Protein chains: 2
Amino acid sequence: MLNSPLPRDPIADAREQWVSHGWASEADAMAAITAVMRTASIYLQRADAILKPHGLTFARFEVLALLGFSKRGSLPMSRASELLQVHATSLTNSVDRLEATGLVQRIAHPTDGRTRLLELNPQGLEVLNAAREDLNKMLFAQSNLAPKDATELFEILSRFRRASGDFL
Amino acid sequence: MLNSPLPRDPIADAREQWVSHGWASEADAMAAITAVMRTASIYLQRADAILKPHGLTFARFEVLALLGFSKRGSLPMSRASELLQVHATSLTNSVDRLEATGLVQRIAHPTDGRTRLLELNPQGLEVLNAAREDLNKMLFAQSNLAPKDATELFEILSRFRRASGDFL
DNA sequence: ACAATATACTTGGACTTCCAAGGGTTTGGA
DNA sequence: TCCAAACCCTTGGAAGTCCAAGTATATTGT
């Protein structure tokens, strides 16, 4: 999966190209945004590799985790897709697979015929607990982020996400 | 594309759940990593929307931009996939599409029969210039990152990427 | 009451990513 | 020399993302 490390950071190189071509004022944002994408891809690969033995992906793990925290144990699809901040179609896809493996169930809403409620099955709860333990041990506890960096990173991205309309 | 903002930050909520379930020491990394993924997804959507009128995606834009900076104007596939830090198969996919629209060409390597060189066509150069201008104006210059945040973000992620073996 | 509008979810299509496996080409050791 | 190992790229398959469009159900306004 990992090639041998490059001798130079290709994003830092791109940043210099940006500066020397006259786009200096956009260079820092370009570099930051490109680095965010690369970082997300690294973490996603690591997470998916850790979750594979549990028969999960990160996308599906997030669904289980959300259901595991919900007070009632069930949540409308629309609410879940809102909280996970993915398109409804992406959630449909994830839930199809979670339902096919018996981890989750779609049940009818008592009063609104349009709405489907998601419910964690007992087996889903077991898989969630095991997967979360692995993720905590093997990803979050080994994030390659200094504690101060993790905090600062979250704060910067919170400002960004608020400015982008994610939350108030 | 954008739903109305949520009243609360769902990642901050997840972080609190993590703490109150006894995984306090992993909570900050979990929140930071989840925020990175969400941020990447926001930027990717914005970039793809901006590039769509140019017939590009961000993945394909990156290929053009890389070729545009290369001294010789041509680059082996393997070198390009290394610098863009994507799998060779992903690059094959992007190049297939760039070639189909006439922006790029695969040419034979003079001495190594295994290698294909990528070359930017004149039309590819035009599209690159126009796309880059839009991206600079509409994405990088409006990144929703304070200048200090962009710099700090890049630095934190550089430490992370180095620790993860991206570069020396 | 009923038509128009809005909401909830699914389907189909385009695109990306990765992995596993295969085909060709080159290199290097016996 | 020549066969095995390494390397470069492509194909096929599984997953994820989004958007656009469609179906079904609720809500709203006249």
Side-chain angles (χ1 to χ4, degrees), chain A residues 1-4 37-63 75-82 84-101 106-118, chain B residues 1-4 37-63 75-82 84-101 106-118:
Chain A
M1 174 167 55
L2 284 182
N3 298 334
S4 46
M37 290 180 178
R38 171 65 186 150
T39 300
S41 135
I42 292 173
Y43 278 129
L44 186 58
Q45 272 176 253
R46 286 185 56 189
D48 281 345
I50 291 165
L51 291 171
K52 188 165 198 170
H54 299 277
L56 291 178
T57 61
F58 192 69
R60 279 177 263 160
F61 169 80
E62 285 192 295
V63 176
L75 219 47
M77 299 270 295
S78 54
R79 181 78 182 128
S81 96
E82 202 179 31
L84 296 173
Q85 296 175 285
V86 295
H87 228 246
T89 53
S90 301
L91 188 62
T92 294
N93 184 323
S94 301
V95 170
D96 282 350
R97 293 169 203 278
L98 287 169
E99 202 170 26
T101 47
R106 272 183 252 237
I107 61 186
H109 188 284
T111 67
D112 189 332
R114 296 167 298 180
T115 300
R116 303 298 173 79
L117 296 174
L118 293 181
Chain B
M1 175 168 53
L2 284 183
N3 298 335
S4 47
M37 290 180 179
R38 171 65 186 150
T39 301
S41 136
I42 292 173
Y43 278 129
L44 186 58
Q45 272 175 252
R46 286 184 56 191
D48 282 345
I50 292 165
L51 292 171
K52 187 165 197 167
H54 299 277
L56 291 178
T57 61
F58 192 68
R60 279 176 262 162
F61 169 81
E62 283 192 296
V63 176
L75 217 49
M77 299 270 296
S78 53
R79 181 77 184 131
S81 96
E82 202 177 32
L84 297 173
Q85 297 176 285
V86 296
H87 234 243
T89 54
S90 302
L91 187 61
T92 293
N93 184 319
S94 301
V95 170
D96 282 350
R97 295 169 201 276
L98 288 170
E99 203 170 26
T101 47
R106 271 182 253 236
I107 61 184
H109 189 285
T111 66
D112 189 331
R114 295 167 299 182
T115 300
R116 303 298 173 81
L117 295 174
L118 293 181

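Small disclaimer: the values here were computed from a predicted structure and weren't measured. Side chains included, hydrogens not; waters and symmetry mates left out as well; all remaining heavy atoms used. Naming convention: chains lettered A, B, ... in sequence-line order (proteins, then strands); numbering from 1 in each chain.
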Open item on the list: Please check this pair: side chain of A/T92 against backbone of A/A88, looking for a donor-acceptor N/O pair closer than 3.5 Å.
Closed with: yes
Open item on the list: Show the nearest heavy-atom pair for residues B/G55 and B/R60, with the distance to one decimal.
Closed with: O-NH1, 3.5 Å
- [ ] Could you tell me the separation between the OH atom of A/Y43 and the P atom of C/dT17, rounded to a whole number of Å?
- [x] 20 Å
Task: For atom CE of B/M37 and atom C1' of D/dG16, their distance in whole Å - done: 12 Å
- [ ] Kindly indicate whether the side chain of A/D96, heavy atoms from C-beta on, has any atom under 4.5 Å from the side chain of A/R106.
- [x] yes
TODO: Could you tell me whether the side chain of B/R116 reaches within less than 4.5 Å of the side chain of B/L118, counting heavy atoms only?
DONE: no
TODO: Identify, between A/G113 and A/E62, the residue whose nearest nucleotide on DNA chain D lies closer to the 5' end.
DONE: A/E62
Task: Validation row: A/T57, A/L44 side chains within 4.5 angstrom (heavy atoms) - done: no
TODO: Return the value, rounded to whole Å, for the distance between atom CD of B/E82 and atom C1' of D/dC9.
DONE: 15 Å
Task: B/Q45 CD - D/dG16 P separation (whole Å) - done: 17 Å
TODO: Quick one, give me the B/S/- string for nucleotides 4-11 of chain C, reading 5' to 3', where B means a protein heavy atom under 4.0 Å from the base and S means that only happens at the primed atoms, P, OP1 or OP2.
DONE: ---BSSBB
Task: Spacing between B/E99 atom CD and D/dC9 atom C1', to the nearest angstrom - done: 13 Å
Open item on the list: Would you say that A/H54 contacts A/F61 through its side chain, given a criterion of any heavy-atom pair below 4.5 Å between the two side chains?
Closed with: no
TODO: Describe the nucleic acid contact of A/T111 in one word from base, sugar-phosphate, nothing, applying a heavy-atom distance below 4.0 Å.
DONE: sugar-phosphate
Open item on the list: Any non-hydrogen side-chain atom of B/T115 less than 4.5 Å from a side-chain atom of B/M77?
Closed with: no
Open item on the list: Using whole Å, what does the distance between atom C1' of nucleotide C/dT17 and atom CG of A/L44 come to?
Closed with: 9 Å
TODO: Grab the CD-P distance between A/Q85 and D/dG16 for me, whole Å please.
DONE: 19 Å
Open item on the list: Please find the pair of heavy atoms, one from B/P76 and one from B/L117, that lie closest to each other, and give the distance.
Closed with: N-CD2, 3.6 Å
Open item on the list: Quick one: does any side-chain atom of B/R38 pair with a main-chain N or O of A/Q85 as donor and acceptor, under 3.5 Å?
Closed with: yes
Quick one: which protein N/O atoms are closer than 3.5 Å to N/O atoms of nucleotides 14-16 of chain C? Pair and distance per line, please.
{"unit_1": "C/dC15", "atom_1": "OP2", "unit_2": "B/R97", "atom_2": "NH1", "d": "3.1"}
{"unit_1": "C/dC15", "atom_1": "O3'", "unit_2": "B/R60", "atom_2": "NH2", "d": "3.3"}
{"unit_1": "C/dT16", "atom_1": "OP1", "unit_2": "B/T57", "atom_2": "OG1", "d": "2.7"}
{"unit_1": "C/dT16", "atom_1": "OP1", "unit_2": "B/R60", "atom_2": "NE", "d": "2.8"}
{"unit_1": "C/dT16", "atom_1": "OP1", "unit_2": "B/R60", "atom_2": "NH2", "d": "3.2"}
{"unit_1": "C/dT16", "atom_1": "OP2", "unit_2": "B/N93", "atom_2": "OD1", "d": "3.2"}
{"unit_1": "C/dT16", "atom_1": "OP2", "unit_2": "B/R97", "atom_2": "NE", "d": "2.7"}

